Amino acid sequence: MKTISGEVWYISIMPEGPSIKILQEKLDPFKHHKILEAKGYAKGFDPHILKNQTITDIKTWGKHLLICFHDFAIRIHMGLFGSYKINEHGKRNASLHMGFKDDGEVNFYISNVKLIEEPLDEVYDWTADLMNPKFSIKKAEEKLLAKPDRMICDVLLDQDVFAGSGNIVKNEALFRAKIHPENKVGDIPPRKLTQLIKEAITFCDEFYKWRKVGKLDEHLQAYEQEECPRNHIPLHKADLGKTKRHCYFCNKCQILYKSNPSTKKYDKAKSRAKTSSPSQ
DNA sequence: GGGAATGTTCACTA
DNA sequence: CTAGTGAACATTCC
């Protein structure tokens with residue numbers, strides 16, 4: 001029998017979908033084990049309900065870690081500062097600590113914990129999760145085209161469309177698909193949109209493999225990079241879209257299919273000036 | 001010591 | 001009512 005207290009894991013902060021998938025794997029040995037003690041300061045959730053409960057399953061949806069019990073599940077979201085320790089604990093108070101009958105422990109820090117009493121299939125659309133084999137390219141295409149005015153850099157952070165995608169996935173997928181982050185969805189040729197979705201899936205897969213061996217950073221092509229690996233010219237860095245998150249992009253190989261927003265504003269101002277006639 | 005960071009929600013304002 | 005803004009969370013790394 002596999003021991004649940006044999007290995008110690010620690011990871012810090014800011015996980016995207018692939019990192020949550022790795023967490024799920026590390027927690028797998030705790031399946032079918034009973035919680036003896038549960039405590040923590042997580043708001044809107046009483047840890048004591050976990051006492052004497054046995055974990056039935058561990059799932060993920062995007063950046064959500066889902067620990068399942070017989071009648072309910074809990075959702076753990078690590079946010080920007082979240083971290084976890086398995087089979088060890090720090091000095092700080094955990095937002096959720098679980099101690100197991102078989103002498104293992106799991107601790108989440110600065111994580112958001114929420115009780116889910118509805119069946120998970122009613123709460124989660126598994127076809128929207130980039131890390132799930134059920135992810136539907138077709139549905140993602142439909143969701144993209146339903147809102148053609150949105151900036152693509154924003155949509156890549158929309159968890160309803162690309163659950164699990166974060167700022168790294170966003171930047172790398174756009175770079176790989178050679179699409180400029182400021183494009184409006186409707187201006188991008190449909191074939192390129194499909195390619196972008198596929199690049200996001202592929203990159204998540206590679207992210208997962210590289211992160212597992214601690215070699216993600218050396219494989220990044222755009223995120224926090226200085227230079228375009230294709231053209232060897234400096235990458236641009238700007239906070240774009242409604243989300244105003246960091247975008248790293250190459251103006252040469254990442255295509256902007258139509259005029260950029262600043263030009264648009266200028267055009268709008270011009271046409272307004274034209275239509276509002278001076279004879280009033 | 002200060003600023004920034006792979007995220008999200010919520011309260012407030014215009 | 002809605003869109004936009006900023007705070008909150010409170011860590012770790014440089």
Side-chain angles (χ1 to χ4, degrees), chain A residues 9-24 40-45 60-66 74-85 88-97 107-116 123-124 128-131 147 149-151 153-176 181 199-201 203-226 235 237-249 261 265 268:
Chain A
W9 296 99
Y10 173 73
I11 196 165
S12 69
I13 64 172
M14 303 186 266
E16 299 188 19
S19 305
I20 299 299
K21 206 73 195 163
I22 293 168
L23 168 58
Q24 177 193 18
Y41 65 82
K43 284 184 222 151
F45 163 75
T60 66
W61 181 86
K63 298 165 191 164
H64 297 195
L65 176 76
L66 303 162
I74 58 171
R75 184 204 78 179
I76 293 163
H77 197 295
M78 319 269 292
L80 195 55
F81 306 127
S83 63
Y84 61 84
K85 284 175 192 274
E88 65 167 343
H89 54 266
K91 289 169 199 156
R92 280 169 288 117
N93 263 347
S95 43
L96 178 61
H97 159 88
N107 298 285
F108 295 99
Y109 302 95
I110 323 180
S111 300
N112 185 337
V113 185
K114 194 184 161 191
L115 178 68
I116 302 176
V123 181
Y124 290 105
D129 177 12
L130 279 171
M131 297 308 295
K147 292 177 184 172
D149 286 336
R150 295 210 291 175
M151 215 179 263
C153 61
D154 286 334
V155 188
L156 275 160
L157 295 173
D158 183 341
Q159 301 299 298
D160 292 332
V161 185
F162 297 106
S165 171
N167 217 21
I168 298 177
V169 174
K170 174 189 88 177
N171 279 293
E172 296 296 318
L174 285 170
F175 181 81
R176 286 166 172 234
E199 297 287 8
I201 297 169
F203 176 71
C204 278
D205 197 42
E206 294 177 16
F207 185 139
Y208 168 77
K209 287 174 187 154
W210 289 326
R211 172 45 66 81
K212 252 183 141 169
V213 294
K215 291 187 173 174
L216 176 65
D217 291 358
E218 59 200 73
H219 290 282
L220 295 177
Q221 294 182 283
Y223 181 78
E224 284 186 337
Q225 301 306 300
E226 301 285 328
L235 284 178
K237 182 183 171 184
D239 294 345
L240 302 176
K242 284 187 182 177
T243 47
K244 288 183 183 146
R245 302 286 299 279
H246 293 352
C247 292
Y248 301 81
F249 54 96
K265 250 182 225 160
K268 253 189 208 162

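Quantities reported herein were computed from a predicted structural model and do not represent experimental measurements. Proteins come first, then strands; the chains are lettered A, B, ... in the order of their sequence lines, and each starts at number 1.
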Nearest-Å distance, [atom1] ([X]) to [atom2] ([N])?
X        : N      : atom1 : atom2 : result
A:Glu172 : B:dT6  : CD    : P     : 13 Å
A:His77  : B:dC10 : NE2   : C1'   : 15 Å
A:Lys147 : C:dA3  : NZ    : P     : 10 Å
A:Lys85  : C:dT11 : NZ    : P     : 13 Å
A:Glu224 : B:dT6  : CD    : P     : 7 Å
A:Leu157 : B:dT8  : CG    : P     : 8 Å
A:Arg211 : B:dT6  : CZ    : P     : 13 Å
A:Asn93  : C:dA10 : CG    : P     : 11 Å

Check every atom of [options] against the side chain of [X] and return the nucleotide holding the closest atom.
X        : options              : result
A:Ile110 : C:dT11, C:dC9, B:dT6 : C:dT11
A:Tyr41  : B:dT6, C:dA10, C:dT5 : C:dA10
A:Lys244 : C:dT5, B:dT6, B:dT8  : C:dT5
A:Lys242 : C:dT11, C:dG4, C:dC9 : C:dG4
A:Ile168 : B:dT8, B:dT6, C:dA10 : B:dT6
A:Arg92  : C:dC9, C:dT12, B:dT8 : C:dT12

| task | State whether the number of non-hydrogen atoms from other residues, nucleotides or ligands found under 6.0 Å of A:His89 atom NE2 is greater than 12. | result |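 No.
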| message | Is it true that, when you exclude A:Glu218 itself, more than 12 heavy atoms of the residues, nucleotides or ligands shown sit nearer than 6.0 Å to its CD? | response |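 Counting neighbours around CD of A:Glu218, more than 12 heavy atoms of other residues, nucleotides or ligands fall under 6.0 Å, so yes.
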| What is the nucleic acid contact for A:Gln159, judged by heavy atoms within less than 4.0 Å: base, sugar-phosphate only, or nothing? |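 Since only primed, P, OP1 and OP2 atoms lie under 4.0 Å of A:Gln159, the category is sugar-phosphate.
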| task | Describe the nucleic acid contact of A:Lys114 in one word from base, sugar-phosphate, nothing, applying a heavy-atom distance below 4.0 Å. | result |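 Result for A:Lys114 = nothing.
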Using only atom types and a distance under 3.5 Å, with no angle test, would you say the side chain of [X] pairs donor to acceptor with the backbone of [Y]?
X        : Y        : value
A:Ser165 : A:Leu156 : yes
A:Gln24  : A:Ser19  : no
A:Asn93  : A:Gly40  : no

| task | Assign the ring pair A:Trp210 / A:His219 to parallel, tilted or perpendicular, where the plane angle (0 to 90°) is split at 30° and 60°. | result |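 Taking A:His219 first and then A:Trp210, their aromatic rings lie parallel (interplane angle under 30°).
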| query | Closer than 4.0 Å, any side-chain N/O of A:Lys63 to the OP1 or OP2 of B:dT8? | reply |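 Yes, because at least one side-chain N or O of A:Lys63 sits under 4.0 Å from OP1 or OP2 of B:dT8.
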| task | Report yes if at least one side-chain N or O of A:Tyr223 is closer than 4.0 Å to OP1 or OP2 of B:dT6; otherwise report no. | result |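 Answer yes for this pair, as a side-chain N or O of A:Tyr223 is under 4.0 Å from OP1 or OP2.
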| Test applied, ring-ring contact (aromatic ring centres under 6.0 Å, His included); reference residue, A:Tyr223; option that passes from A:Phe207, A:Phe203, A:Tyr248 |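 The option that passes is A:Tyr248.
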| task | Tell me the stems DNA chain C sits in, counting at least three consecutive Watson-Crick or G-U wobble pairs, each under 3.5 Å on both distances. | result |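 In DNA chain C, stems of three or more pairs: B:2-5 with C:11-14, B:7-14 with C:2-9.
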| said: For the P atoms, the ones on B:dA4 and on C:dG6, what distance do you get once it is rounded to whole angstrom? | reply: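 After rounding to an integer number of Å, I get 14 Å for this pair.
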| message | I'd like to know if A:Arg211 and A:Glu16 make a salt bridge, using a cut-off of under 4.0 Å between side-chain N and carboxylate O. | response |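 No, A:Arg211 and A:Glu16 are not salt-bridged.
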